[in-house]
Peer 1: 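This is the structure I want to talk about, given as structure tokens.
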Number of protein chains: 2
Amino acid sequence: MAHPVLPLSLDRSSDLPLVLQVANQTRELVHTGSLRPGDRLPSIRALAADVGIARAVVEHAYDQLIAEGWLTARRGAGTYVAQVGRLAVLTGARGSPTTATVNAGTGGSDPSGSNKAGSDPVRLDTGSPWMDPRHDAGWRRAWREVSAAHIPRGYPDPAGLPELRAELAAYVSRTRGVSCTAEEVIVTGGTTHGFGLLLDVLTRGPIAIEDPGYRAAAAVTEQAGRAVIDVPLDSDGLDVRALRSNRADIRAVYVTPAHQHPLGITMSAGRRIALLAEATRRGAMVVEDDYDSEFRYDVAPMPALAALDRDRVIYLGSASKSVHPGLRIGWLIGPVDLVVAMSARRATRHDYPPWPLQRAFLSMLREGHLDKLVRSARRVYAGRSHVVAHALSPYGKIISRPAGMYLTVALPGRLVEAVRTESWRAGFDVPSLAEYSRTCGMTGLVIGFGGLTDEELSRALDVMTTALARLSG
Amino acid sequence: MAHPVLPLSLDRSSDLPLVLQVANQTRELVHTGSLRPGDRLPSIRALAADVGIARAVVEHAYDQLIAEGWLTARRGAGTYVAQVGRLAVLTGARGSPTTATVNAGTGGSDPSGSNKAGSDPVRLDTGSPWMDPRHDAGWRRAWREVSAAHIPRGYPDPAGLPELRAELAAYVSRTRGVSCTAEEVIVTGGTTHGFGLLLDVLTRGPIAIEDPGYRAAAAVTEQAGRAVIDVPLDSDGLDVRALRSNRADIRAVYVTPAHQHPLGITMSAGRRIALLAEATRRGAMVVEDDYDSEFRYDVAPMPALAALDRDRVIYLGSASKSVHPGLRIGWLIGPVDLVVAMSARRATRHDYPPWPLQRAFLSMLREGHLDKLVRSARRVYAGRSHVVAHALSPYGKIISRPAGMYLTVALPGRLVEAVRTESWRAGFDVPSLAEYSRTCGMTGLVIGFGGLTDEELSRALDVMTTALARLSG
């Protein structure tokens with residue numbers, strides 16, 4: 001049977017590697033409907049011959065699209081466009097009878113009243129990164145540049161330093177597939193700050209947020225006087241059917257597609273399309289919080305949701321997980337009219353990142369400090385994620401994909417509380433999945449492994465597995 | 001007639017100069033009612049002899065209290081405690097028939113459609129400071145310190161760097177008479193950001209704001225979903241009688257007592273007491289925006305309102321007017337329970353100043369950079385204020401006290417618009433008093449002279465006075 005010919009147009013003089021060119025253009029063919037669910041793709045050998053590239057390039061591109069969920073491989077039968085929109089319920093405990101118990105003890109509060117050291121326990125936080133001290137020179141250099149820089153007089157541009165906006169546009173295009181211009185970028189104090197800026201200019205009305213999800217987004221929404229609509233998840237990401245059945249006049253849907261916080265799953269390709277279709281139907285925006293997508297260590301991360309629809313998706317990024325959580329710098333990418341409206345408000349409120357911060361971060365981007373930190377941390381996280389998964393998988397299902405700086409394991413509520421209590425006594429605060437939820441009954445632990453030393457992580461795992469072995473025995 | 005003996009207790013080993021000890025203790029006697037309106041004070045010679053200090057010390061202390069409005073001097077008849085609570089209507093144009101015309105053209109928009117250069121005009125902004133380039137070394141040193149500092153891991157303390165909070169407590173106590181501990185200080189991104197933090201933890205309800213007043217405060221209030229109650233002013237500051245007659249459940253009153261923005265007047269001693277009494281009666285907080293009090297150049301600034309009532313007054317300060325408007329760092333001083341509540345919210349939202357910023361500003365405080373900048377700028381502002389007043393006083397009443405980096409002159413609306421149009425054509429954007437008002441009919445110009453070069457200021461004054469001479473002739 002003759003295989004279809006893919007109309008790929010590759011540019012060997014481009015900075016973009018051929019693997020990404022093949023992957024991007026093939027994805028686009030699926031996204032635009034030129035390739036439809038069930039369609040068979042050319043074999044690796046055939047496509048390589050068609051376009052005159054190495055087979056390994058095609059193989060890598062296909063692997064990437066399979067990992068992203070756009071394609072499926074049938075053993076011995078070739079590669080096909082995936083059936084998108086498939087709904088699979090997570091193997092988990094949502095709605096289990098333990099809900100009430102677990103939801104009662106949340107918020108990182110003391111589950112037992114005292115711990116070994118009598119001092120603050122070490123929190124296994126999902127957002128505290130590991131920073132390679134071998135790269136401290138890049139940090140120091142950035143601040144020396146600030147020290148030596150010409151000191152501009154007067155108020156800075158409320159949208160951000162023009163050079164930094166341009167550098168960020170290039171960075172997001174290179175790393176996340178979102179091609180944009182500097183005019184579409186506004187420099188923020190992090191993802192949560194960026195979301196707050198957006199709420200200031202968005203038509204009044206409720207915001208839909210993943211549940212379990214990022215609690216700060218819900219807090220900011222309610223502080224802005226808006227209702228939060230909690231939307232459940234399944235293994236493909238936000239449950240768009242549940243969203244569709246909601247009657248509220250939702251103005252935006254807040255999602256973490258690359259690495260759902262805190263479940264650690266990736267939103268599937270089909271779900272992305274369904275979400276955009278539903279948002280379009282409602283005239284709502286989609287807010288893509290891309291807080292830690294740098295740290296995918298099995299395959300390259302799927303391009304950002306924003307790459308699929310630049311008019312409807314507001315993209316939020318941050319340096320908190322890659323450079324330093326105390327840096328308080330991030331970026332928002334959106335339609336120019338929204339960026340202009342947010343900048344105009346900031347001209348009055350002056351809630352933009354300090355000029356020296358922007359100048360230092362510009363140096364970190366230009367001099368490759370950010371890239372170095374990401375590469376180092378990715379290696380460390382890959383190792384730690386493996387260690388944590390290996391230790392805990394005998395006791396519960398590992399829900400999260402191998403990515404980021406935390407791992408989520410489903411456990412019955414009884415075990416969760418027991419492990420948290422024993423860990424607390426040993427000086428560790430282990431987040432419960434219930435801390436991130438308002439309505440969902442899933443129970444489990446969210447093990448942040450970025451901010452710990454190797455020794456701390458090892459001790460924490462010992463305490464947890466000892467407790468689990470005894471209680472499960 | 002025997003003069004009263006003042007029960008002063010001076011400490012020669014204290015760091016506090018004797019002049020300030022005499023002034024502070026005498027002020028306290030008035031404030032607590034030990035000295036009552038109309039009471040005669042000891043003569044300079046008598047008090048000097050009573051407590052064993054130089055006459056010049058007493059003279060300076062009395063002058064300071066007269067400037068603050070606590071005392072009055074009757075020529076040849078001695079010094080008396082002032083009658084507080086006196087109401088005097090500003091010589092101005094509030095409610096004049098020109099209101100509608102003036103209020104129609106506001107917001108720093110283009111009053112004529114084009115200007116000479118075809119580029120952005122130079123705005124005579126009230127908040128752009130002059131920074132002595134001779135002190136750039138202090139700025140550079142601070143960033144070198146950041147570069148060399150130990151890089152702390154993890155999220156910083158959401159209330160601010162402990163060393164910086166302690167340094168700020170000492171600074172505000174030394175310069176503004178507000179003695180407080182580090183626990184009462186929270187580091188902010190500036191006065192407006194600090195006000196936003198407060199609104200997040202304050203019981204819901206309207207906020208009273210001076211009108212004319214600081215427009216960003218009104219914007220932040222409305223963005224937080226609260227109503228703004230506009231309260232008029234007279235020559236003593238906020239009109240407390242107007243506030244008293246308002247039936248709304250006001251939760252806080254936002255004032256700029258040291259240097260009312262934009263009128264440039266100082267809230268009198270009596271009015272301060274009346275305001276605190278009215279706030280107490282209502283159970284409302286008072287928010288003291290002390291944005292530029294460093295720059296009083298005739299006498300030392302009156303101590304902050306917060307020095308009179310630490311439980312009811314929230315004090316807001318900023319480095320934007322002294323160090324750099326792009327620094328985005330400030331401080332809020334308030335009761336510990338409020339500081340704790342604000343910090344708890346920031347632990348989730350992470351909207352605190354970046355760690356490197358706080359570390360650099362700590363260096364600027366410790367190494368005297370801030371003090372040097374303030375001393376230099378104060379001298380420049382004193383000279384520029386005199387030049388602007390001399391140029392414009394033939395045409396209108398100078399409303400503002402000699403302080404800060406702007407001067408406010410009352411002018412009929414017809415002249416205001418004509419001067420603004422001619423200035424715009426020459427490349428200058430001169431703020432109209434009406435830009436700062438929502439309900440008040442006062443008309444005039446607000447001449448910010450901090451951010452300009454000497455040459456720009458000279459040219460701008462030439463354009464304005466030429467227009468005024470022609471139109472008034």
Side-chain angles (χ1 to χ4, degrees), chain A residues 108 123 125 127-131 133 136 139-149 151-156 189-193 196 199-200 204 215-216 219-220 223-226 318 320 324-329 345 347-360 450-451 453, chain B residues 108 123 125 127-131 133 136 139-149 151-156 189-193 196 199-200 204 215-216 219-220 223-226 318 320 324-329 345 347-360 450-451 453:
Chain A
R123 181 160 167 94
D125 190 76
S128 289
W130 181 80
M131 285 164 288
D136 284 359
W139 169 275
R140 303 201 185 290
R141 174 188 181 133
W143 298 107
R144 281 200 308 276
E145 279 194 18
V146 171
S147 168
I151 308 170
R153 305 289 157 172
Y155 283 86
T191 54
T192 309
H193 177 243
L199 291 183
D200 281 345
R204 296 209 64 77
R215 289 304 88 202
V220 168
Q223 283 165 28
R226 294 174 185 259
S318 166
S320 298
H324 195 292
L327 199 65
R328 311 317 313 147
I329 205 159
R345 285 183 100 90
T348 304
R349 295 190 58 155
H350 305 302
D351 58 339
Y352 35 76
W355 174 84
L357 243 291
Q358 298 191 51
R359 182 64 190 74
T453 63
Chain B
R123 181 158 166 95
D125 189 75
S128 289
W130 181 81
M131 284 165 286
D136 284 359
W139 168 275
R140 303 201 186 289
R141 175 189 181 132
W143 299 107
R144 281 200 308 276
E145 280 195 18
V146 171
S147 169
I151 308 171
R153 306 290 157 172
Y155 283 87
T191 53
T192 309
H193 177 243
L199 291 184
D200 281 346
R204 297 209 66 77
R215 289 302 89 201
V220 168
Q223 283 165 27
R226 294 174 185 259
S318 166
S320 297
H324 195 291
L327 199 64
R328 310 316 315 145
I329 206 157
R345 285 182 100 89
T348 304
R349 294 190 57 155
H350 305 300
D351 58 338
Y352 35 77
W355 174 84
L357 246 290
Q358 298 191 50
R359 182 62 190 77
T453 63

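Protein chains get the first letters and strands the later ones, always in sequence-line order, with residue 1 at the start of each. Here the structure is a predicted model, which means the values were calculated and not measured.
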Peer 1: Can you tell which of V146(A), V220(A), I151(A) has the highest number of heavy-atom pairs within less than 4.5 Å of chain B?
Peer 2: I151(A)
Peer 1: What residue, out of L327(A), L199(A), D125(A), I329(A), has the most heavy-atom pairs lying under 4.5 Å from chain B?
Peer 2: L327(A)
Peer 1: Hey, which of S128(A), P356(A), P156(A) has the most heavy atom pairs under 4.5 Å with chain B?
Peer 2: P356(A)
Peer 1: With only heavy atoms counted, which part of H350(A) is less than 4.5 Å from chain B, the side chain, the backbone, both or neither?
Peer 2: both
Peer 1: Of the backbone (N, CA, C, O) and the side chain (C-beta and beyond), which part of R345(A) lies under 4.5 Å from a heavy atom of chain B, both, or neither?
Peer 2: side chain
Peer 1: Pick one of side chain, backbone, both or neither for D200(B), based on which atoms fall under 4.5 Å of a heavy atom in chain A.
Peer 2: side chain
Peer 1: Sort T192(B) into side chain, backbone, both or neither according to what part of it lies under 4.5 angstrom from a heavy atom of chain A.
Peer 2: side chain
Peer 1: I'd like to verify something: which residue of A219(A), G127(A), A142(A) has the highest number of heavy-atom pairs under 4.5 Å with chain B?
Peer 2: G127(A)
Peer 1: For the candidates P129(A), A360(A), P152(A), which exhibits the highest count of non-hydrogen atom pairs separated by less than 4.5 Å from chain B?
Peer 2: P152(A)
Peer 1: Of all residues at least two apart in sequence or in a different chain, which pass the salt bridge (charged side-chain N to carboxylate O under 4.0 Å, His left out) check with R328(B)?
Peer 2: none
Peer 1: Between R349(A), R215(A), H193(A), R144(A), which shows the greatest number of heavy-atom pairs under 4.5 Å with chain B?
Peer 2: R349(A)
Peer 1: Under a 4.5 Å cutoff for heavy-atom pairs, which residue among Q223(B), R204(B), Q358(B) has the most contacts with chain A?
Peer 2: Q223(B)
Peer 1: In chain order, what residues pass the salt bridge (charged side-chain N to carboxylate O under 4.0 Å, His left out) check against R141(A), with sequence neighbours excluded?
Peer 2: E145(A), E367(A)
Peer 1: Keeping the roles fixed (side chain from S147(B), backbone from R140(A)), state whether a donor-acceptor pair exists under 3.5 Å.
Peer 2: yes
